[in-house]
Amino acid sequence: MQQSEDYVLRILQDVGLVTRPQIESARLRLNGANNVVDLLIDDGTVSDMDVSRALAAQAHMDWIDISSIVIPPQIINQIRGEEARRFKVIPVTFGETGLVVAIGNPLDIDTIDSLGFLLQRELELVCTSPKKIREALIKYYGTADEAADVLQEKIGEDIDLGLEIGDGTASAVDEADAPIIRLVSMLMIEAHRTGASDIHLEPLDKKFRVRFRIDGVLQEMQAPPKRLQSAIISRLKIMTGSMSIAEKRLPQDGRIQVKIKKKPIDLRVSTIPTNHGESVVMRVLDKSSLKLGLPELGFFSDDQEIFERLIRLPDGVLLVTGPTGSGKTTTLYACLNYINKPDRKIITVEEPIEYQMNGINQVPVNPEIGMTFPAALRSILRQAPNIIMIGEIRDLETASIATNASLTGHLVFSTLHTNDAPSAVARLVDIGVQPFLVASSVRAMMAQRLVRRLCNNCKQPAELSETELRALRIEPGQLQEAQVMKPVGCEQCRQIGYKGRMGIFEIFVIDDEVRHMINKRSSTLMLRQRARELGMRTLREDGVRKVLAGLTSAEEVISITIGDVN
């Protein structure tokens, strides 16, 4: 064994992947659980892919990435699961002279000869990394326990997952179901650990794809075996306590409450039938995000000062606009958290209630029993609130009640789906609200988008290209004190280069002249021109400030504000 390891280290040293001092340093730190090569891989001195590529070249063998291909069942069935695990191999395809088999160690001649003798057939060997072999064994031959082990290895620590179902007591666990329960639990832990906002479980023709939406971008994760698809979906339905495991033809919705490290997490579960089974999306609602302050949302000090002044007004309507997924609800919750004091009564009307907030009366909308936005608003006005938050203004009745409530001394927060702040005026008028009501009730409108933050651990100084300078309209003088950075990628950000998100904002404060323009039904273009005269920064301009401050990248701002041409 020692002789084989020395041979591998000599190969790695000959191709320049490691140096003699690095090898000797690893030997000094060696313990009984590792060999030198494994320790060098764990340290990040060399990757397991580089090692396997070097060994494949030494053995004159082709190297492939088996994680990038889908191996059909008829190929997988060429080698039984126990044999694939024993020899640590994966059948890949049929070649010109025999079955193409991927191995992790091309220097292990005994294993290669034994496999050929056992199968009694011609083999064409290719090489891949041992890590990819382990992942493929789980994917194509694995059990629920083995799939959970892969997630456990990535997480790197035991995390106690306490399940709260219905009245908060754990459901009874059948011993046969325990592996599936553990796999589902580990999936939720991994989603929380990576900061995912959504978990997507998608049944495809030959695989059960798992994707997490992290910082607004879907990223594919290690997939469990396809044959566990039905069991995983059934387990999730059972955890909601309200979804039927027998019904697979209709969409269903439910909710799961779990605790990770004694931290309460809510998951909104939605299923929909597809041609290969039920697709499941779980929205991860972490209540700790409610504790965000205004600076954490991404406000610079000048915008934060304006916004704090607006949310302390005694009455009026404040609108947050933007497309779905732009963080409008998070901003409103942060506002309520900021102004939530014992001397103020706050009532919200939401569909659904995403987060439960202490000290705030939250009213859920349920159209099936007649509890619509207008019906709820009419009732809560008799509750004498100081502040009202409406999840979204969708129709004339809701808009009329909101504007009238603001005129009778209430401060109203709500959202609209518009691309920029001035367009909110036209949207309210299109809904049917009279211009004089809009002019007299709306105090300000704020459009927002979310951009990814650069990872603080790995971001590096960068220079903007001519194309980026033109797109962002950055003058040379602005670069003198700038700290422009670029994404790189490290372990902390999963090699993406970004970690977390922040807002970019466009705040339009209504003044007397703007009110006059609204009464005259001035166009959105004219309102936007007046807003610019009042000092309103566009979304792209606010994004530029954050690029120059080294908080995000030029590429990110350009892609998010592609429609902001002003």
Side-chain angles (χ1 to χ4, degrees), residues 8 11 15 41 47-144 146-147 149-151 153-154 200-211 218-230 232 274-277 495:
V8 172
I11 293 172
V15 298
I41 292 173
S47 72
D48 68 327
M49 289 179 61
D50 288 338
V51 171
S52 64
R53 284 180 187 274
L55 297 181
Q58 182 70 20
H60 305 288
M61 192 178 292
D62 289 335
W63 191 95
I64 66 168
D65 181 358
I66 58 173
S67 65
S68 64
I69 60 176
V70 177
I71 306 172
Q74 61 267 29
I75 298 296
I76 290 296
N77 292 338
Q78 297 298 310
I79 299 180
R80 293 187 302 172
E82 55 268 30
E83 294 165 353
R85 289 191 186 90
R86 175 185 168 191
F87 293 107
K88 297 182 175 59
V89 297
I90 294 291
V92 177
T93 186
F94 290 117
E96 294 181 0
T97 60
L99 181 67
V100 178
V101 177
I103 63 175
N105 183 3
L107 304 182
D108 189 353
I109 305 300
D110 290 340
T111 293
I112 296 172
D113 290 343
S114 299
L115 180 64
F117 177 78
L118 179 69
L119 297 179
Q120 291 293 302
R121 63 191 304 174
E122 290 291 326
L123 300 179
E124 295 182 27
L125 300 176
V126 294
C127 185
T128 191
S129 75
K131 179 180 178 183
K132 293 187 180 297
I133 289 285
R134 289 195 300 272
E135 291 175 350
L137 287 172
I138 299 299
K139 180 177 180 180
Y140 295 108
Y141 298 106
T143 64
E146 289 172 326
D149 284 340
V150 171
L151 289 173
E153 184 179 336
K154 290 182 178 180
H200 294 251
L201 306 177
E202 302 162 312
L204 305 180
D205 184 19
K206 296 175 181 177
K207 66 183 291 189
F208 186 41
R209 184 166 67 178
V210 177
R211 294 192 290 176
L218 281 171
Q219 298 181 25
E220 189 159 353
M221 313 305 290
Q222 177 67 38
K226 170 76 173 175
R227 57 189 178 79
L228 299 180
Q229 173 181 309
S230 297
I232 291 171
T274 71
N275 56 335
H276 296 299
Q495 307 300 329

Taking Gln229 for the side chain and His276 for the main chain, is one N or O donor matched with an acceptor at less than 3.5 Å?
-> yes
Side chains of Pro225 and Phe208 in contact at under 4.5 Å (non-hydrogen atoms) = no
Non-hydrogen atoms of Ile41 and Ser47 that approach each other most closely = CG1-C, 4.4 Å
Considering only heavy atoms from C-beta outward, does the side chain of Lys131 approach that of Met49 to under 4.5 Å?
-> no
Looking only at heavy atoms, the pair that brings Gly98 and Glu124 closest together is N-OE2, 3.4 Å
In terms of heavy-atom contacts, Ser129 and Asp48 come closest through OG-OD2, 3.4 Å
With a 4.5 Å limit on heavy-atom distance, are the side chains of Cys127 and Leu55 in contact?
-> no
When rounded to the nearest 0.5 angstrom, what is the spacing between CG in Leu115 and CD1 in Ile79?
-> 5.5 Å
Backbone of Ile64 reached by a side-chain donor or acceptor of Thr128 within 3.5 Å = yes
Does any non-hydrogen side-chain atom of Arg211 lie less than 4.5 Å from one of Gln219?
-> no
For Pro91, the option from Leu123, Val100, Ile75 that meets side chain to side chain contact (heavy atoms under 4.5 Å, CB included) | Ile75
State, yes or no, whether a side-chain contact exists between Glu220 and Arg209 at a heavy-atom distance under 4.5 Å.
-> yes
So, the side chain of Lys226 versus the backbone of Leu204: is there a donor-acceptor pair under 3.5 Å, distance only?
-> yes
Answer yes or no: are there more than 12 heavy-atom neighbours, outside Glu122 itself, under 6.0 Å from its atom CD?
-> no
Thr274 and Pro203: which non-hydrogen atoms are nearest, and at how many Å?
-> OG1-CG, 3.7 Å
Among Ile103, Ile66, Asn105, the one residue meeting side chain to side chain contact (heavy atoms under 4.5 Å, CB included) with Ile133 | Ile66
Atom CG of Asn77 with >12 non-hydrogen neighbours under 6.0 angstrom = yes
Run the salt bridge (Lys or Arg N to Asp or Glu O under 4.0 Å) check on Arg80 and Glu83 step by step: do they pass?
-> CA-CA 5 Å; Arg80 293 187 302 172; Glu83 294 165 353; 3.0 Å; yes
Answer yes or no: does atom CD of Glu96 have more than 12 heavy-atom neighbours from other residues, nucleotides or ligands under 6.0 Å?
-> no
For the residue pair Val101 and Val126, establish whether any side-chain heavy-atom pair is separated by less than 4.5 Å.
-> no
Any chance you could measure Ile90, atom CD1, to Arg85, atom CZ, to the nearest 0.5 Å?
-> 9.5 Å
Leu125 side chain near Met61 side chain, heavy-atom distance below 4.5 Å = yes
